[in-house]
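Here's the structure we're looking at; comments come further down.
Computed from a predicted model, the values in this text were never measured in an experiment. Each ligand, and each atom within it, is numbered from 1 in the order the structure gives.
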Amino acid sequence: MNDIQTPQSKTKTALSRWLGLALALFLAAGCSSEARDITAFYSNNCAACHGINLQGGTAPSLLTNVWTQGADDVSIARAISEGNPTKGMPAWKEALTAAEIRAMVVLLREKIAKAQSETNAVAKPIDGEVVTSAEHKFRFKTVTENLDHPWSIAFLPDGRMLVTELPGRLRIVEQGKLLTNAVSGTPKVRAQGQGGLMDVAVHPDYATNGWVYLSYAHGATVDGKEVSMTAIVRGRIKDNQWTDEQTVFRAAQDSYLSTGFHYGCRLVFDDRGHLFFSIGDRGIKEHAQDLTLPNGKIHRVSDDGRIPSDNPFVGYSNAMSSIWTYGNRNPQGLVRHPQTGELWETEHGPRGGDELNLILRGRNYGWPVITFGMDYNGTPITALTAKEGMEQPLIHWTPSIAVCGMDFYFGNEFPRWEGNLFVTALAQQELRRVLLDGQRVVKQEVLFKNIGRVRDVCTGPDGLIYLALNRPNRIIRLEPVK
Ligand code: HEC
């Protein structure tokens with residue numbers, strides 16, 4: 001029984017060849033700490049054995065869902081680092097840093113997800129189509145299309161829908177009809193990159209006070225440079241006009257930045273008169289750990305903008321007193337659980353490492369010291385995914401789905417979805433239903449995909465689920481089909 005030569009010796013030759021190449025590459029890299037693109041490293045060092053798309057070759061396919069060394073990230077990282085030389089898998093710990101091995105795991109996850117998405121059929125409904133999902137059948141129905149980059153949806157108690165458009169308009173949909181004119185007199189926004197008019201939220205006591213809140217990129221010119229920062233106002237809508245405007249949050253002007261990235265900014269109220277809002281890191285990751293700066297944080301203010309005296313950093317000389325949490329990369333989902341009152345957040349990771357977090361007073365969510373993602377150009381950010389004193393996400397999506405707005409469902413039209421968390425995704429263009437057991441994610445279902453970038457989700461007072469989509473721009477809703 002020694003007919004093992006063929007595959008074994010083949011692997012061995014490949015092994016010694018590749019070990020030699022890996023060593024040469026390692027030496028070529030020398031002591032320089034220059035970041036390497038892990039995608040290229042995979043193509044040059046792994047693909048010959050595992051195939052460029054992980055489909056296998058002289059080495060096993062990595063798409064089978066069978067992991068002899070363990071299926072979790074840590075086991076896969078160990079399998080790469082230590083290898084299994086007697087079986088023909090080289091050890092890569094000399095050739096790759098721990099951070100590069102972490103990035104390699106992200107890359108493998110991306111390649112696996114891509115292969116799976118080609119075999120798994122997920123609904124791609126067109127207007128009016130009926131989709132059958134695990135718990136409910138629903139119709140995918142367009143509400144209105146004549147919008148420019150709809151960003152957020154909120155409902156007034158009378159059933160009218162407010163929609164923000166990123167370029168700077170606030171629109172009203174009344175009984176399913178989009179009013180022709182935008183609300184006039186809303187603040188001038190700096191529409192640049194990912195910034196513009198962002199969230200709209202209705203005060204919990206709207207019936208008595210009429211306040212509507214808007215978050216937007218507020219522009220300024222500092223030293224001749226065009227800069228901006230997320231700002232918040234409230235006002236009232238009377239006869240399609242924005243009136244009584246008051247500033248709720250505006251950062252110091254020396255914190256304004258010229259980048260067009262990561263503004264946040266979701267708004268959410270608790271039941272004690274506080275307003276929470278998120279500001280992304282604006283593409284400067286170190287800022288997320290700097291408590292003197294507004295970006296990369298979740299803030300809490302009173303509904304009129306004053307700082308609550310029990311905010312975590314009140315009285316600190318080197319911190320903004322509005323900060324509630326920090327180390328948040330780009331939070332574009334923020335929602336209060338209607339039963340527990342907990343604050344839940346989603347934030348975009350870089351490439352990999354999109355997060356679902358439970359937001360707790362004063363905590364550090366770690367960006368960019370810890371992350372499950374790597375940089376967009378394929379270079380690693382860090383090997384660290386956890387650290388003492390920093391929060392872990394409830395789950396992370398690696399590869400990234402570009403997680404955006406979310407909402408808990410407690411409407412009347414989809415009883416078997418009660419208490420589920422609905423999560424939107426831009427890049428993956430999907431709506432996910434997340435099943436929870438308390439704070440534990442039990443299961444996820446992608447309800448549909450590839451229908452445009454899904455930006456926001458909001459349960460209407462009618463119990464239907466409304467979505468804001470970009471490219472193509474439209475509001476759609478899910479209607480139950482019995
Ligand atoms: C010389 C061929 C060869 C090269 C080059 C190679 N591998 Fe492997 N790899 C193998 C073989 C053979 C196995 C199966 C080993 C075993 O049975 O335990 C393996 C196993 C693995 C596993 C574990 C799979 C499991 O089931 O747990 C991972 C992960 C992996 N390789 C990743 C990589 C990565 C990443 C690279 C490039 C940095 C790489 N490999 C380069 C041959 C190779």
Inset, instruction - Answer yes or no: is there an ion pair linking Glu445 with Arg432, defined by an N-O contact shorter than 4.0 Å? - result: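 The answer is no: the pair does not qualify as a salt bridge.
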Under 4.0 Å from a heavy atom of [X]: which atoms of ligand 1 are those, numbered in the order shown and with their elements?
{"X": "Pro60", "value": "11 (C), 12 (C), 13 (C), 14 (C)"}
{"X": "Leu62", "value": "24 (C)"}
{"X": "Gln69", "value": "18 (O), 25 (C), 27 (O)"}
{"X": "Pro90", "value": "3 (C), 4 (C), 6 (C), 7 (N), 43 (C)"}

Inset, instruction - Would you verify whether the NZ or CZ of Arg282 falls within 45 degrees of the ring axis of Tyr263 while also being under 6.0 Å from that six-membered ring's centre? - result: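 The answer is yes; both the distance and angle limits are met.
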Inset, instruction - Determine whether any heavy atom of Ala48 lies closer than 4.0 Å to an atom of ligand 1. - result: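 No; Ala48 lies far enough from ligand 1 that no heavy-atom distance drops under 4.0 Å.
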Inset, instruction - Assess Val66 for proximity to ligand 1: is some non-hydrogen atom of it under 4.0 Å away? - result: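 Yes, Val66 has heavy atoms under 4.0 Å from ligand 1.
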Legend entry - Option whose closest heavy atom lies nearest to atom 38 (C) of ligand 1, chosen from Ala77, Ser43, Gly57, Cys46: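 Shortest heavy-atom distance from atom 38 (C) of ligand 1: Cys46.
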Legend entry - The one among Thr68, Val105, Asn44, Ile101 that brings a heavy atom closest to atom 25 (C) of ligand 1: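 Shortest heavy-atom distance from atom 25 (C) of ligand 1: Thr68.
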Legend entry - Any donor-acceptor pair under 3.5 Å from Tyr409 side chain to Gly463 backbone: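 Pair found, side chain donor or acceptor close to backbone of Gly463.
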Inset, instruction - Return yes if some donor-acceptor pair links the side-chain N/O of Glu100 with the main-chain N/O of Thr97 below 3.5 Å, else return no. - result: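 Judged by distance alone, yes, a pair lies under 3.5 Å.
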Legend entry - Geometric N/O contact Asn84 with ligand 1, under 3.5 angstrom: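 Min N/O separation from ligand 1 is below 3.5 Å for Asn84.
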Between [X] and ligand 1, which residue portion shows a heavy-atom distance shorter than 4.0 Å: side chain, backbone, both, or neither?
{"X": "Trp92", "value": "side chain"}
{"X": "Thr58", "value": "neither"}
{"X": "Ser75", "value": "neither"}

Inset, instruction - Go through the side-chain N and O atoms of Gln55 and Asn53 and say whether any donor and acceptor fall under 3.5 Å apart. - result: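 Side chains of Gln55 and Asn53: no pair found under 3.5 Å.
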Inset, instruction - Evaluate the ring planes of Trp417 and His136, with Trp represented by its six-membered ring, and classify them as parallel (under 30°), tilted (30 to 60°) or perpendicular (over 60°). - result: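 Perpendicular, since the angle between the ring planes exceeds 60°.
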Inset, instruction - List the atom of Gly362, the atom of Tyr326, and the distance in Å for their closest heavy-atom pair. - result: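 Closest heavy-atom pair between Gly362 and Tyr326: O-CE2, 3.8 Å.
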Inset, instruction - Taking the six-membered ring for Trp and the full ring for Phe, Tyr or His, determine whether the centres of His218 and Tyr256 are under 6.0 Å apart. - result: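 Yes.
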Legend entry - Chi angles and distances behind the salt bridge (Lys or Arg N to Asp or Glu O under 4.0 Å) call for Arg363, Glu391: CA-CA 7 Å; Arg363 301 286 175 91; Glu391 298 304 303; 3.3 Å; yes
Legend entry - atom 8 (Fe) of ligand 1: angle it makes with SD (Met89) and NE2 (His50), nearest 10 degrees: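 Centred on atom 8 (Fe) of ligand 1, the SD/NE2 angle is 180° (to 10°).
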